[in-house]
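Take a look at the structure below.
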Amino acid sequence: MADGERLICASDALLDSGRAVRFEVEYIGEKAPAFAVRFEGRVHGYLNRCGHLPMELDWREGEVFDSEGLALICSTHGAMYGADSGRCLGGPCGSTPLVALRMEERDGKVYCKGIDDG
Ligand code: FES
C-alpha cells in the first residue's frame, strides 16, 4: 500500500449508480464524512458535504443517486451534482462543487488517497 492511501472497500461493494460506501477522511484537521460511488464503471469519491449547506447528501444511508442513477442529489433541498465530477448541475449548490477525493481501484479493491486538490 502506497503512502497516504487507505483501503475503503472491495470493488464489488460499489455497483454502478448504486449505494455509496461511506467512510471518513481528514479534512482541514478534522474527521469529515465521505463516500465512494461507482458511475459508468469508474469509482469516484467525495466529501459527504453539500455545497449549499454543510449537510450530508444521503436520503437513507448510502443513497446519494437520483432515481435514474444519473446524478448525485442532496436529500435536503435537491442540489444535483455530476457523479463523475462533483460539479453542481442544478439546485441551490450554485457554483459550489462537492469536494472531490482521489480514488484508485486496483486488484479488486478501492482506495482513497486523500483530498483531490487539483
Ligand atoms: S443542504 Fe444540500 S441542497 Fe441544501
Side-chain angles (χ1 to χ4, degrees):
M1 190 162 80
D3 248 11
E5 73 176 21
R6 207 170 108 215
L7 175 63
I8 301 303
C9 62
S11 289
D12 60 10
L14 292 175
L15 302 180
D16 223 52
S17 295
R19 278 176 72 108
V21 169
R22 293 167 51 101
F23 56 101
E24 287 191 325
V25 293
E26 185 98 352
Y27 181 62
I28 317 180
E30 290 186 5
K31 281 203 185 309
F35 64 85
V37 289
R38 186 181 300 282
F39 181 65
E40 296 182 339
R42 296 199 55 196
V43 171
H44 302 276
Y46 301 100
L47 280 194
N48 196 352
R49 178 180 298 191
C50 186
H52 177 219
L53 297 171
M55 308 280 293
E56 296 186 13
L57 272 63
D58 326 31
W59 60 273
R60 220 167 43 196
E61 190 169 310
E63 303 286 356
V64 293
F65 274 100
D66 66 356
S67 55
E68 280 91 44
L70 296 175
L72 304 175
I73 184 165
C74 177
S75 60
T76 304
H77 310 111
M80 307 271 290
Y81 299 93
D84 57 352
S85 66
R87 277 191 302 125
C88 180
L89 302 179
C93 38
S95 59
T96 308
L98 296 176
V99 175
L101 305 176
R102 291 193 299 131
M103 306 299 292
E104 189 173 306
E105 183 172 29
R106 63 173 193 275
D107 303 327
K109 295 184 175 77
V110 173
Y111 298 89
C112 178
K113 304 176 95 170
I115 303 295
D116 186 353
D117 37 26

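Bear in mind the structure is a predicted one, so any value in this text is a computation, not a measurement. Note that these values count all heavy atoms, side chains included, but never hydrogens, waters or copies made by symmetry. Just so you know, ligand 1 is whichever comes first in the structure, and atom 1 is the first atom listed for that ligand.
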**Study point:** Minimum side-chain heavy-atom gap Leu72-Phe35 below 4.5 Å
**Key:**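 Of all side-chain heavy-atom pairs linking Phe35 with Leu72, at least one is under 4.5 Å.
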
Point to revise | 4.5 Å side-chain heavy-atom contact, Arg38 and Ser11 | key: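 Side-chain contact under 4.5 Å: yes.
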
Review point. Does the Cys74 SG fall under 2.5 Å from that of Cys93?
Key: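 Cysteines Cys93 and Cys74 do not qualify as a disulfide pair, their SG atoms being 2.5 Å or more apart.
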
Review point. Parallel, tilted or perpendicular for His52 and His77, by the 30°/60° rule?
Key: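 Rings of His52 and His77: perpendicular, as their planes differ by over 60°.
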
Practice item. Report, as a single number, the protein N, O or S atoms less than 2.8 Å from atom 2 (Fe) of ligand 1. Key: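 Considering protein N, O and S only, atom 2 (Fe) of ligand 1 has 2 within range.
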
Check your understanding: For Met103 and Lys113, what are the C-alpha separation, side-chain angles and deciding distance, and is it a side-chain contact (heavy atoms from CB on, under 4.5 Å)?
Key -> CA-CA 6 Å; Met103 306 299 292; Lys113 304 176 95 170; over 6 Å; no

Point to revise | Straight-line distance of Asp84 CG to Leu70 CG, nearest 0.5 Å | key: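 Answer for the CG-CG pair, Asp84 versus Leu70, is 11.0 Å.
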
